[in-house]
Every structure is written in C-alpha cells, then in structure tokens.
Protein chains: 2
Amino acid sequence: MEKKVSASVINRLPRYYRYLTDLLSSGIERISSKELSERMHVTASQIRQDLNCFGGFGQQGYGYNVKSLQSEIAKILGLDRGYTAVLVGAGNMGRTFAINTKFESRGFRLIGIFDTDPKKIGTTLTRYTIMDYKNIKEFIDTHHPEMAILAVPKQVIHGVAEELIGYGIRAFLNFSYTELSTAEDVAVENVHLSDSLMRLSYKLLEHDQNEDKKQESEV
Amino acid sequence: MEKKVSASVINRLPRYYRYLTDLLSSGIERISSKELSERMHVTASQIRQDLNCFGGFGQQGYGYNVKSLQSEIAKILGLDRGYTAVLVGAGNMGRTFAINTKFESRGFRLIGIFDTDPKKIGTTLTRYTIMDYKNIKEFIDTHHPEMAILAVPKQVIHGVAEELIGYGIRAFLNFSYTELSTAEDVAVENVHLSDSLMRLSYKLLEHDQNEDKKQESEV
DNA sequence: TAGATTGTTAATCGATTAACAATC
DNA sequence: TAGATTGTTAATCGATTAACAATC
C-alpha cells in the first residue's frame, strides 16, 4: 500500500485542477512545471513533488500535457466517479447551491432536494421539485446518493447528519456555522464563510498596522 | 517588531473563536488548554503555542477565562474594528450573503449592495436597496467601506477588483471560481465552493478505496 | 502549601525547496 | 545529438509536539 498522501497536497489539488482547466480552455497544450509555477505563484519543485505522489504524469524535456494532466487530476479527485448528492435545506444557501449547477461535474451530481418547511415542499427549484425531508430515507434507498449537502440551521445539523449516516450517506458538505466532527468512517468538508471573513478581517488589520508602521518610520 | 505570525496559526484563529463563543453561550467560564484540546481534537501544546504568538492570555494553575480569551481573539482578528463592506453582485450568492446577517460582527458590517442589472437596481434585499454599480465610487467616497464582497461572474472579477482598488478598497472576499491574485497591498480571501466539493470527492473516494482493501484482506 | 496549568524551550516530525542524474 | 525538463534524492526550513521550570 502506498503511503497516505498528506493533507497539504490534497488541499492543493483542486487549485491545480482549476488552473489546468483554464489553460485547456485557452488552448494551451503543454506546460512545464516551471511555467505553471510562475502562473500559480508556487515553486516548480512543489508541483513536481505533489504530482509525483500519484504518478509520473510528465515527460522529461517536454513537460506535461495539459489535457491528460487535467484528466489525471480529475481521476485522482474522483470527479469521474459520477458521485451523486442530495441537498438538505432549501434556504438561501441551499438555493444558491442548487442554482449554481457549475459545481456539478466538479465533485458531484445533484439528484434531489429536501426540506421540512411545508411552504417549500412541492415547489420547484431550478429543475427539481423540493421533497419532504420525511421521505428522504425512501429516496436514499432507491437512488443511493453518496453525498449530502447540508444547508440546515446549526441547531439540527448533528441530528440530520447522524440520521443520514444511518441511511448510508458517507460524505457531507456542511454549511452550518457549527462544525461536523469527523468521527467514524465518514468524509466531511466544512464550509464556514464566517471563518473566511474573519481571516480577511485579520489580513486587513495586519495591512493597516504595517501601513501605520511605515508612516511612523517615515516621520 | 514581533516576527510575523504564520499562516497556519492565523487559519486556526477563527476556529478558536468559534469554540470559545460556543463555550461562552453554554455558560462555561474557564477552560484549560487540555480540555479545549479534547473538544477541538488538537493538542494542548498547539493551543498554547498558538495563543502565545499574541500574548499570555492564561494563568498558571487556572487555565483561560473563556470570556476574556474570546474577546482577545476578537481583537486579534480585528472584529472590534467595525470594518464596513459593500457587496457587489446581487445574484444568488450575493443575496444569500446579504440575508445571512449572522456573518456580521464576525468580520464586517454590510453597508451597501450594488449590481449592474437594471431589473435589480432599486429593488430591496433585506434592509437594503440595491444600488447601481455605476454609482459605487460616489458611495465609497462618502462612506469609506474597507472591504468588498465580490459575488460577480468570473469574467468580470478582475476588472471589478481593479476598479475598486482604485477607489481605495483594500480587502476582498471573492466568491468567483477564478481566484484573485494577491498582488499589491491588498488583502484577499478566495471562497471556492468547487474546491471544497472536490476535496470532499477525494475523501469519499479515499474512504471507498480503503473499504475495498479491507474487504480484500478479509477474503 | 500543594496541585494544576501555563508559557516557553528543546526535540521531533513533516513539508518545502534545492539539486541533479535520468531521460525524453 | 544537445537542450530541456522531469522524477527523485538530499538539504533546509518550519510547524508540531513533548517536556518542564515558572507560577498562580
């Protein structure tokens, strides 16, 4: 068994995928680690090390074929698996997610939307009719989605997750402020917009303070 | 001048803030690094190291006062600065963002929403009237927001960012698929939901493959 | 005071970068 | 072939963990 690839490497993969997709759409066929490193503001060494966790995708003297590298990374990420997902919660975040079909094919395919609000159940959201959360077990038993996107209030997040784990779901994208702890054999990605905002706030403050210092030293 | 705090530490700060806020709301007054470490699934050593980048907030033999530690971290993150932000783009993501006022006070206060779509301009979104993007310079000159939340299509993201930098904005939260490169003296946080999905997809695939291997070895 | 827990130094571990032989 | 660029090993750097003296 190969040794486990580190989280740092995994976290960079989507970014490689993104850049390669852009290169592809601008018609660039081959790229060297050096040129890619300049575009991405990382070292060429890091790119080669990262890729070689999964195999030798390049060719000495030539570099990497953009198209084949992109598809290799897609495979590594599991984007070719046709994973399917249900969305739980048709509030604002849920609706935004459902409408942005551009996410599809970059990780999953949405096959059903659920909510508990009688006002929402039966209404349509893009090409889906919102279903009653009560019937989610039946739906899962029939269609076997692998993932659930959780866009529900933080008060119910743990309950919903546990229930869905019971029904066989093994991967969650969690939008609630509370984080879903990753016990058991379950994959979780937490998306915390508040965290991003706080980081931005920190960076802004840091810049402001550097600015202040610069002015002081000029005086 | 103190040495720069590493990105790893900064990235963990919002999570500390989140946990401390939860502790506070459940009425817990003091906590030791050991107990916090168990709740957060990190080492006590890491917590103490992280906090001591900014100062000695604890007390030997006692631990940390939850309330004062929370407010210290808020200060470090700049949450007490009353930073203000404009939202550019009142599409789905923009609307979701505007409606989730819970983000406010965790990094910024929203003071205006802009769009270019004549159908949207003049309509209201929660407590705001959507303004014409044409008039954003005037608004910035008058109200001096520090941040901009960019929820615009990727085709226009760089143009919008450059324009707003010209008007004095120094911090951006970017929701577009393309990333905003962080040249100049500008703070940027990119939020890429697709990246989160791809990471989730990878984790799921990894779990599936471990599952397969386990079964093989059982045969 | 004795016990607990911090702040901090030292040790370990892992990730990044540099270098270069292999090879297209 | 000569030049370019990979894959990979070795060196460096930084982050995490462990340990413990300081001290509440």
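Proteins get letters first, then strands, A, B, ... in listed order; numbering begins at 1 in each. Everything numeric in this text was worked out from a predicted model, so none of it was measured. Computed over heavy atoms, backbone and side chain alike; hydrogens, waters and symmetry mates excluded.
Applying the side-chain hydrogen bond (donor to acceptor under 3.5 Å, both in side chains) rule to S33(A) yields the partners R48(A); only residues at least two apart in sequence or on another chain are considered. Not counting sequence neighbours, H144(B) has no partner by the ring-ring contact (aromatic ring centres under 6.0 Å, His included) test. Applying the side-chain hydrogen bond (donor to acceptor under 3.5 Å, both in side chains) test to T96(B) and every residue at least two apart in sequence or in another chain returns T96(A). Among residues two or more places apart in sequence or in another chain, the ring-ring contact (aromatic ring centres under 6.0 Å, His included) test is passed with H143(B) by F139(B). Among residues two or more places apart in sequence or in another chain, the side-chain hydrogen bond (donor to acceptor under 3.5 Å, both in side chains) test is passed with S196(B) by none. F175(A) is linked by a ring-ring contact (aromatic ring centres under 6.0 Å, His included) to F97(A), counting only residues two or more places apart in sequence or in another chain. Here D50(A) pairs with R12(A), Y16(A) under the side-chain hydrogen bond (donor to acceptor under 3.5 Å, both in side chains) rule; sequence neighbours left out.
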Hey, can you pull the donor-acceptor pairs under 3.5 Å for the side chains in residues 53-67 of chain A, sequence neighbours left out?
| from | atom 1 | to | atom 2 | distance (Å) |
| --- | --- | --- | --- | --- |
| N65(A) | OD1 | K67(A) | N | 3.1 |
| N65(A) | OD1 | S68(A) | N | 2.9 |

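With rounding to the nearest 0.5 angstrom, the CD atom of E104(B) is 10.5 Å from the CD1 atom of I111(B).
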**Message:** Checking N11(A) against R199(B) for the side chain to side chain donor-acceptor pair (under 3.5 Å) test, could you report, in this order, the C-alpha distance in whole Å, the side-chain angles of both residues, the deciding distance, and whether it holds?
**Reply:** CA-CA 7 Å; N11(A) 287 337; R199(B) 279 181 206 118; 3.3 Å; yes

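One atom, CD1 of I47(B), and another, P of dT17(D), lie 11 Å apart when rounded to the nearest Å. In this structure, CG of L51(A) is placed 15 Å from C1' of dT16(C), rounded to the nearest angstrom. Between the CD atom of Q46(B) and the P atom of dA18(D) there is a distance of 11 Å, given to the nearest Å.
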Please write out the pairs of protein N or O atoms and N or O atoms of nucleotides 8-13 of chain C separated by less than 3.5 Å, giving the distance to one decimal.
| from | atom 1 | to | atom 2 | distance (Å) |
| --- | --- | --- | --- | --- |
| dT9(C) | O4 | Q49(B) | NE2 | 2.8 |

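For the helix from dG3(C)-dC24(D) to dC24(C)-dG3(D), the end axes, each set by the C1' atoms of five terminal pairs, are bent relative to each other by 20° (nearest 10°).
Contact check on R18(A) versus E179(B) returns a salt bridge, with a Lys/Arg side-chain nitrogen under 4.0 Å from an Asp/Glu carboxylate oxygen.
Pairing each heavy atom of L87(A) with each of A151(A), the nearest pair is CD1-CB, 4.3 Å.
Contacts of residues 56-78 of chain A with DNA chain D (heavy atom under 4.0 Å): G56(A), F57(A), G58(A), Q59(A), Q60(A), G61(A), Y62(A), G63(A), Y64(A). Of all the residues in residues 6-39 of chain B, S6(B), S8(B), R12(B) reach under 4.0 Å from DNA chain D with at least one non-hydrogen atom.
For the residue pair Q46(B)/S37(B), the side-chain donor-acceptor check at 3.5 Å is not satisfied.
Between T43(B) and dT17(D), a side-chain N or O to OP1/OP2 separation shorter than 4.0 Å is present.
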